[in-house]
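Only one structure is covered here, and it is reproduced in the block below.
Remember, it's a predicted structure, so these values are computed and weren't measured experimentally. Atom set for the values below is all heavy atoms of this structure, side chains included, hydrogens, waters and symmetry mates excluded. Each chain gets a letter, A, B and so on, in the order its sequence line appears, and its residues count up from 1.
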Amino acid sequence: MRFPPKKKRAAEVLTRLQPLYAGLTTGLDFKSPLELIVATILSAQCTDERVNKVTPVLFARYRSAEDYVEADPEEVESIVHSCGFFRNKTKSIQGMSGALLERFEAEVPHTMSELLTLPGVARKTANVVLSHAFGVNEGIAVDTHVQRLSGRLGLTKEKVPAKIERDLMKLVPRDSWGRMSDLLIWHGRRVCVARSPRCNVCVLADICPSAVVIRYRS
DNA sequence: ATCCCGAGGG
DNA sequence: CCCTCTGGAT
């Protein structure tokens, strides 16, 4: 079985998945850049649904970077507890908020280089904030879904997220970087799931080197 | 037992 | 490169 070249496959991923997930962007609920960066920090190794259950309580209790800095850490921990990594996530939220106050006039910065200076923020979180809060494409958010699907689709052989991101950036037009990430994530949640991917209903099966399907000879 | 929109430290 | 941090869902 032969497959189209990587660049063609990447283009097909965009055109075929777009109609399936039209209107779906991030699964995280937020109303401001600050809410999005907090929600994204909480989303590490945790489902969006779980994050969306705690953020209404969190966002009602703390409305600004100053509120997070002044908050009792144990109270923040108790609110975010069910998301896991609750001590690290609380430290990241409060440390990030402190950095916003000290260096960015309490505003979430709009560039990758500035976002990466915030404690608890690396490329994945920065890419989510840039694309969904500011509409900026400085990279491609590589989470566990993007990592898994990129590998299965044969778009990269790399394992480290930063290297996967570089490979994808070469294969996808820059104005589609944010969209590519969202589409792979939704497809990863609904079809190309981790344990037993539903290749029989996948619109990418014929161009996926990893698809387990009955292939008829032409 | 495995997976979920990771990041920091050694 | 590796390890650790964590709870909830399946």
Side-chain angles (χ1 to χ4, degrees), chain A residues 13 17 21 23-30 33 35-55 57-58 73-74 76-99 108 112-134 136-153 155-165 168-169 172 176-198:
Chain A
V13 169
L17 294 186
Y21 308 114
L24 294 179
T25 57
T26 175
L28 298 169
D29 295 335
F30 69 100
E35 288 190 357
L36 179 58
I37 196 169
V38 169
T40 309
I41 287 171
L42 290 177
S43 73
Q45 296 296 296
C46 178
T47 59
D48 285 355
E49 288 87 24
R50 174 55 50 188
V51 174
N52 291 337
K53 282 189 177 184
V54 314
T55 48
V57 179
L58 192 69
E74 291 188 22
V76 178
E77 286 178 2
S78 72
I79 296 174
V80 306
H81 180 270
S82 67
C83 294
F85 299 153
F86 59 92
R87 294 185 195 88
N88 287 344
K89 288 175 180 178
T90 296
K91 271 180 196 165
S92 293
I93 291 167
Q94 294 195 287
M96 177 275 298
S97 298
V108 177
M112 174 67 73
S113 59
E114 290 175 314
L115 284 164
L116 291 180
T117 70
L118 302 173
V121 176
R123 289 196 64 89
K124 185 262 167 179
T125 299
N127 275 320
V128 170
V129 171
L130 286 170
S131 62
H132 292 107
F134 304 130
V136 172
N137 283 316
E138 285 204 43
I140 297 176
V142 178
D143 75 324
T144 181
H145 297 295
V146 175
Q147 180 167 3
R148 182 179 67 253
L149 269 68
S150 298
R152 285 180 176 171
L153 286 163
L155 301 179
T156 182
K157 295 175 181 172
E158 301 293 347
K159 298 294 181 188
V160 181
K163 294 183 178 178
I164 295 171
E165 183 181 359
L168 291 178
M169 288 165 72
V172 177
S176 297
W177 285 356
R179 196 64 194 137
M180 182 70 171
S181 183
D182 285 343
L183 291 173
L184 290 177
I185 289 167
W186 283 111
H187 201 57
R189 293 173 64 171
R190 297 193 173 173
V191 177
C192 193
V193 296
R195 302 184 197 201
S196 51
R198 304 167 57 205

Whichever of A:Lys163 and A:Arg87 has its nearest DNA chain C nucleotide further upstream toward 5': A:Lys163
Side-chain heavy atoms of A:Thr40 within contact of A:Val121, under 4.5 Å: no
Whole-Å gap separating P (C:dC5) and CD (A:Glu77): 14 Å
Heavy-atom check, side chain of A:Arg152 versus side chain of A:Cys192, under 4.5 Å: yes
Whole-angstrom distance between C:dT6 and B:dG9, as gauged at atom P: 14 Å
Contact check, side chains of A:Leu155 and A:Met180, non-hydrogen atoms, under 4.5 Å: yes
Any A:Arg50 side-chain N or O less than 4.0 Å from OP1/OP2 of C:dG7: no
Interatomic distance at P, C:dC3 relative to B:dC5, whole Å: 24 Å
A:His132 vs A:Ser181 side-chain heavy atoms within contact, under 4.5 Å: no
Main-chain N/O of A:Cys83 paired with A:Lys89 side-chain donor or acceptor, under 3.5 Å: yes
Side-chain heavy atoms of A:His145 within contact of A:His187, under 4.5 Å: no
Base versus backbone protein contacts along nucleotides 2-10 of chain B [heavy-atom cut-off under 4.0 Å; B, S, -]: BSBBBSS--
